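Quick notes on the structure that follows.
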Amino acid sequence: LNGFRPKPILPSQVYRFDPSTGQVRVVADQFVHPNGIAFSADGKIASVTDTGVSGGFLGTNQTFPATIYQFDVDPQTQSFMNRGVFAYSDSGVPDGIQLDTMGNVYSGCGEATHVWNAEGTLVGKFYLNSTTAQMIFTKSGLVILDEEAVYLANIQAQGLDLTTL
């Protein structure tokens, strides 16, 4: 993408690694650049960001996605089914993604971390005057990572307990 590493040898899909068998298999396809992934608290819904609009040094192509898709997770095969558009970033590109315990979806979208409610309505943004890509919940709040700094947003929302998935 930015010319500093070889082109991928695998298609732009979402893969699942099963640690018990060592098997890697495709669980979702039809992406330009799948990027971040997060699961609902019960593990039944997967959210995947597609940063296709971003062409790196080649610029942006607004005909490609800047989208968060949601899928039902098949309880037997763990394949992703029933793809639907959850949200489209009105500015920037949804990169890293997290969910809180209330079902709100957070994504680093470049100029800010955007927050959507569980229905996909944009409810707020954390502006940092820098490029935001990733975030993670801690006991102290939401840690937001940008290209050169780390920020702590002292908020009441809590992240999911990933050990129960």
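In this chain, numbering begins with 1 at the start of the sequence shown. Everything numeric here is computed off the predicted structure, so don't read it as measured data.
- Between Ala38 and Leu99 the shortest heavy-atom distance is CB-CD1, 3.5 Å.
- Looking at Tyr106 and Asp100, their side chains come closer than 4.5 Å, going by heavy atoms from C-beta outward.
- Residues Tyr15 and Leu10 are in side-chain contact: their nearest non-hydrogen atoms beyond the backbone lie under 4.5 Å apart.
- Under a hydrophobic-cluster definition in which Ile, Leu, Val, Met, Phe, Trp and Tyr are linked whenever side-chain heavy atoms come within less than 4.5 Å, directly or via other members, Leu142 and Val123 are assigned to the same cluster.
- Under a hydrophobic clustering in which Ile, Leu, Val, Met, Phe, Trp and Tyr are joined whenever their side-chain heavy atoms come within less than 4.5 Å, directly or via other members, Met135 and Phe39 fall into different clusters.
- Between Leu160 and Ser40, the shortest heavy-atom contact is CD1-C, 3.9 Å.
- Formation of a donor-acceptor pair under 3.5 Å by the Asp18 side chain with backbone atoms of Gly22 is not found in this model.
- With hydrogens and angles disregarded, no donor-acceptor distance shorter than 3.5 Å links the side chain of Ser107 to the backbone of Cys109.
- The minimum heavy-atom distance linking Ser89 with Val93 is given by the pair OG-N, 4.2 Å.
- Taken from CG in Leu152 to CD1 in Ile144, the straight-line distance is 8.5 Å, to the nearest 0.5 Å.
- Residue Gln70 comes nearest to Ser47 through the heavy atom pair NE2-OG, 3.0 Å, listed as atom of the first residue, atom of the second, then distance.
- Counting non-hydrogen atoms of neighbouring residues, nucleotides and ligands closer than 6.0 angstrom, the CE atom of Met102 reaches no more than 12 such neighbours.
- No more than 12 heavy atoms of other residues, nucleotides or ligands sit less than 6.0 Å from atom CG of Asn129.
- For the pair Ala66 and Gly92, the tightest heavy-atom approach, listed with the atom from each and the gap, is CB-O, 3.9 Å.
- For Asp50 and Tyr69, the side-chain atoms include no donor-acceptor pair closer than 3.5 Å.
- Taking the side chain as every heavy atom from C-beta outward, Tyr151 and Phe126 never approach each other to under 4.5 Å.
- A 4.5 Å side-chain heavy-atom check between Glu111 and Lys125 finds at least one atom pair inside the cut-off.
- Heavy atoms only, all atoms of each residue included: Ile97 and Ile37 are closest at CG2-N, 3.4 Å.
- Checking Asn35 against Asp95 by side-chain atom types alone, a donor-acceptor pair falls below 3.5 Å.
- Looking at Val105 and Ile68, their side chains come closer than 4.5 Å, going by heavy atoms from C-beta outward.
- Between Asp74 and Lys44 no salt bridge is recorded (no basic side-chain N to carboxylate O distance below 4.0 Å).
- Counting heavy atoms from C-beta on, the side chains of His114 and Ser91 come closer than 4.5 Å.
- Put simply, the side chain of Val26 does not reach to within 4.5 Å of the side chain of Val14, judged on heavy atoms.
- Residues Thr49 and Phe86 are not in side-chain contact: their nearest non-hydrogen atoms beyond the backbone lie 4.5 Å or more apart.
- Around atom CD of Gln158, no more than 12 heavy atoms belonging to other residues, nucleotides or ligands sit under 6.0 Å away.
- Both tests hold for Arg83 against Phe31: distance to the six-membered ring centre under 6.0 Å, angle to the ring axis within 45°.
- Ring geometry for Phe80 versus Phe71: interplanar angle of 30 to 60°, hence tilted.
- Neither Val48 nor Ile45 shares a network with the other; the hydrophobic side chains, linked directly or stepwise wherever heavy atoms of I, L, V, M, F, W or Y lie under 4.5 Å apart, form separate groups for each.
- Annotation: the span from Asp72 atom CG to Asn82 atom CG amounts to 4.5 Å, rounded to 0.5 Å.
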